[in-house]
Student: 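Here it is, the structure in full.
On a predicted model such as this, the values are computed, not experimentally measured, just so you know. Starting from 1, each residue takes its place in the sequence as its number.
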Amino acid sequence: MSNVPALTKPRVAKKLATEERTLRNGLKVIAIRKPGVPLVELRLRLPALSTKANRPAQVSLLADSMLTGAGRLDRAGLAAAIQGLGGDLSVGADADRILIGGNVLATEFGGLLELLARVLTGATYADGEVETERDRLVENLAIARSRASVIASEALAHRMWGDHPYALDLPTPERVATTTATQVRKLHEDVVKPTGATLVLVGDLAPAKMIDLVATAFRRWQGTSVRGRVPGLPAPAPGLPLLVVDRPGSVQSSVRLARPAIPRSNPKSPALQLANLAFGGYFSSRWTENIREDKGYTYGPHSRLDHHQLGSMLVLDAEVATEVTAPALLETFYELGRIAALPVTAEELESVRQYAIGTLALSTATQAGLASTLSMLSAFGLGLDWIAEHPKRLQALSVEDVSAAAADFFGPAGFTGVVVGDADSIVSPLRSLAQVELAAG
């Protein structure tokens, strides 16, 4: 590993004016003034987790169709109104939530809120518009689901979580194709409600003023979302064989390994964050040095911590040439065992600590970055204080702290694994390393 400069004392971040308020309609609003650019960024998070089998398809189609019309404004009229304010709105979704994001000139913030309020209370989801978006989504899903990386990620999720909602990485084209505009309108009525939702605002306006504008614009948006009980994540069965999903003729294999982890709020989370970076979380990590730089098995292996509403995962992924699938997995097991059994070095610790502190500073330096980070953290009851204090938590960690986290979470036996590739070429070599099960079908 290359030498890095000594870690300097982090600069004390300028204290930002902030206000948090729950409005009469139940919407939680977090507003922060961050001057420098005359914009306001907004992130509205709406909980949407459900056990209903058709929910992922309906949520995805709702997200794609929400901005196709509201009140008397059709798709073109709504888009022109937003652009006329110098603004932007977009809608996305995953298993946990629907996220509406956008930005606008600070002088036009009230106007964008009024347009957003029209969408929240009166999105039309016209039959023709929903059908257009449905056809487009079906086509995009068919393309996405043909990719080995998507097949591998979903097979791994099913392997770990069974029938839990988190096991479906993307909705199926078949379920989307049978979703109607009536169902989408009903879903909007059920889940697009202020109680339980969180709005994050970051921009060049006084926090109190931003919240007052929200209260005025959203005064007619009322109600509590209809939510069923979602069970906690099941514990993956220990000792599962390595699952191989056949992809005949594939010239490369998609390797995925994962295990349960701990949430950001856990006191040991900062140590695990640094242990993950040392293993495979950035370009100079051990895993990258081994199977990319030294062996040339892959362009870019990566390990990461995925934090979801109901639990966290430590995930490893790599795309490797078919002929080196088994050698790449062997080296992966070796690096997992090595970091679990042997302490990280002081040099590694300083390098990953510097990287973690620097990337956090970069990710929250802009209004957009800070808004997105705070929206994500708000789901776990964390906020601006967490961002301000996290560098201190990282600074306080010792070699022993990070090595202990590595020992707890990186032992190879704790991981569930999936490989998508040409079974005729890879199964026999893989069986020399692990128990292998060939996926049905």
Side-chain angles (χ1 to χ4, degrees), residues 1-13 257-295 300-307 311-318 328-364 373 377 380 382 385-415:
M1 187 174 291
S2 60
N3 292 326
V4 296
L7 188 66
T8 58
K9 186 176 181 180
R11 291 183 298 173
V12 177
L257 300 172
R259 59 152 298 149
I262 52 178
R264 279 192 175 89
S265 56
N266 190 297
K268 294 184 179 180
S269 180
L272 178 57
Q273 178 189 0
L274 297 190
N276 173 64
L277 287 172
F279 172 79
Y282 78 135
F283 192 80
S284 297
S285 65
R286 293 184 181 189
W287 195 30
T288 302
E289 291 282 348
N290 185 330
I291 69 171
R292 175 196 154 102
E293 296 301 299
D294 184 41
K295 306 294 191 309
H302 187 67
S303 65
R304 67 185 186 276
L305 289 161
D306 282 349
H307 297 289
S312 300
M313 294 170 58
L314 174 58
V315 184
L316 282 59
D317 59 72
L329 192 62
L330 174 63
E331 294 300 329
T332 299
F333 288 156
Y334 165 74
E335 291 296 350
L336 286 169
R338 185 164 74 96
I339 200 167
L342 299 174
V344 299
T345 67
E347 181 183 2
E348 283 179 305
L349 174 57
E350 289 307 305
S351 181
V352 296
R353 177 159 40 211
Q354 191 161 271
Y355 180 85
I357 292 173
T359 52
L360 178 62
L362 285 174
S363 68
T364 56
T373 301
L377 290 174
F380 308 101
L382 305 174
D385 288 346
W386 185 93
I387 295 174
E389 295 297 321
H390 195 56
K392 298 176 185 177
R393 289 189 287 270
L394 296 174
Q395 287 277 35
L397 293 172
S398 66
V399 165
E400 291 74 22
D401 296 326
V402 177
S403 298
D408 287 343
F409 289 95
F410 282 86
F415 284 84

Student: Would E289 and R286 pass as an ion pair if we require N to O under 4.0 Å?
Tutor: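 Here E289 does not pair with R286 in a salt bridge, since their nearest N and O are not under 4.0 Å apart.
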Student: Inspect the surroundings of NZ in K392 and state if more than 12 heavy atoms from other residues, nucleotides or ligands are less than 6.0 Å away.
Tutor: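 Not buried by this count: 12 neighbours or fewer within 6.0 Å.
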Student: Would a distance-only check, ignoring hydrogens and angles, find a side-chain to backbone donor-acceptor pair under 3.5 Å from T332 to A328?
Tutor: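 It does hold such a pair.
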Student: For a side chain to side chain donor-acceptor pair (under 3.5 Å) check, start with the C-alpha distance between T345 and E347, then their side-chain angles and the critical distance, and finish with the verdict.
Tutor: CA-CA 5 Å; T345 67; E347 181 183 2; 5.1 Å; no
Student: Of all heavy-atom pairs between S285 and G280, which one has the smallest distance, and what is that distance?
Tutor: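 In this case the closest contact between S285 and G280 is OG-CA, 3.1 Å.
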Student: Find the distance between CZ (F415) and CZ (F409) and round it off to the nearest 0.5 Å.
Tutor: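 Reported value, rounded in 0.5 Å steps: 10.0 Å.
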Student: A side-chain contact here means heavy atoms from C-beta on lying under 4.5 Å apart; do F410 and N276 qualify?
Tutor: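 A side-chain contact under 4.5 Å exists here.
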Student: Scan V352, L349, I357 and name whichever one has a side chain to side chain contact (heavy atoms under 4.5 Å, CB included) with L394.
Tutor: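 By the side chain to side chain contact (heavy atoms under 4.5 Å, CB included) criterion, L394 pairs with just one of V352, L349, I357: I357.
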Student: Checking R264 side chain against W386 main chain: does a donor-acceptor pair fall under 3.5 Å?
Tutor: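 Flag not set: sc R264 to bb W386 has no pair under 3.5 Å.
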Student: I need the single residue from L277, L272, I262, V315 that forms a side chain to side chain contact (heavy atoms under 4.5 Å, CB included) with L305. Which is it?
Tutor: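 That would be L272.
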Student: For N266 and P263, indicate whether the former's side chain and the latter's backbone hold a donor-acceptor pair under 3.5 Å.
Tutor: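 Side chain of N266 to backbone of P263: no pair is present.
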Student: Just jot down the salt bridge (charged side-chain N to carboxylate O under 4.0 Å, His left out) partners of R304, sequence neighbours excluded, or say none.
Tutor: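 Residues passing salt bridge (charged side-chain N to carboxylate O under 4.0 Å, His left out) with R304: D306, D317.
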Student: With a 4.5 Å cut-off on side-chain heavy atoms, are N290 and Y334 touching?
Tutor: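 They are in side-chain contact.
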Student: If the plane angle is over 60° it's perpendicular, under 30° parallel, otherwise tilted; pick one for H307 and F380.
Tutor: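 Judged by the thresholds at 30° and 60°, the geometry between H307 and F380 is perpendicular.
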Student: Provide the closest heavy-atom pair for A340 versus G411 in the form atom of the first, atom of the second, distance.
Tutor: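 Scanning both residues completely, I find the closest heavy atoms to be CB-N, 3.8 Å.
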Student: Hey, could you give me the CD/CG distance between E350 and L274, rounded to the nearest 0.5 Å?
Tutor: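 It is 10.0 Å, given to the nearest 0.5 Å.
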Student: If I take atom NE2 from residue H302 and atom CZ from residue R292, how far apart are they, to the nearest 0.5 angstrom?
Tutor: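 Going from the NE2 atom of H302 to the CZ atom of R292 covers 13.5 Å.
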Student: Between the side chain of S403 and the main-chain N/O of V344, is any donor-acceptor distance below 3.5 Å?
Tutor: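 Checked: pair present.
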Student: I'd like to know whether F279 forms a side-chain contact (heavy atoms from CB on, under 4.5 Å) with L316, so could you lay out the CA-CA distance, the side-chain angles of the two residues, the decisive distance to 0.1 Å, and finally the verdict.
Tutor: CA-CA 10 Å; F279 172 79; L316 282 59; 3.5 Å; yes
Student: Would you say the side-chain atoms of R393 pair up with the backbone N or O of P267, donor to acceptor, closer than 3.5 Å?
Tutor: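 A pair under 3.5 Å: no.
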Student: If you measure from CG on L336 to CH2 on W287, what distance do you get to the nearest 0.5 Å?
Tutor: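 These two atoms lie 8.0 Å from each other.
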Student: Which pair of non-hydrogen atoms, one from G337 and one from P412, has the smallest distance, and what is that distance?
Tutor: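 Of all heavy-atom pairs spanning G337 and P412, the closest is N-CG, 3.8 Å.
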Student: List the atom of L382, the atom of S265, and the distance in Å for their closest heavy-atom pair.
Tutor: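 Shortest heavy-atom contact: CD1-N, 4.5 Å.
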Student: What is the minimum heavy-atom distance between T373 and S363, and which atoms define it?
Tutor: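 That closest heavy-atom pairing would be OG1-O, 4.0 Å.
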Student: So, for A258 and M313, which heavy atoms are closest and what is the spacing to 0.1 Å?
Tutor: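 Scanning both residues, the minimum pair turns out to be CB-CE, 3.7 Å.
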Student: At what distance, to the nearest 0.5 angstrom, does CD1 of I291 lie from CD of E335?
Tutor: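 CD of E335 is found 9.0 Å from CD1 of I291.
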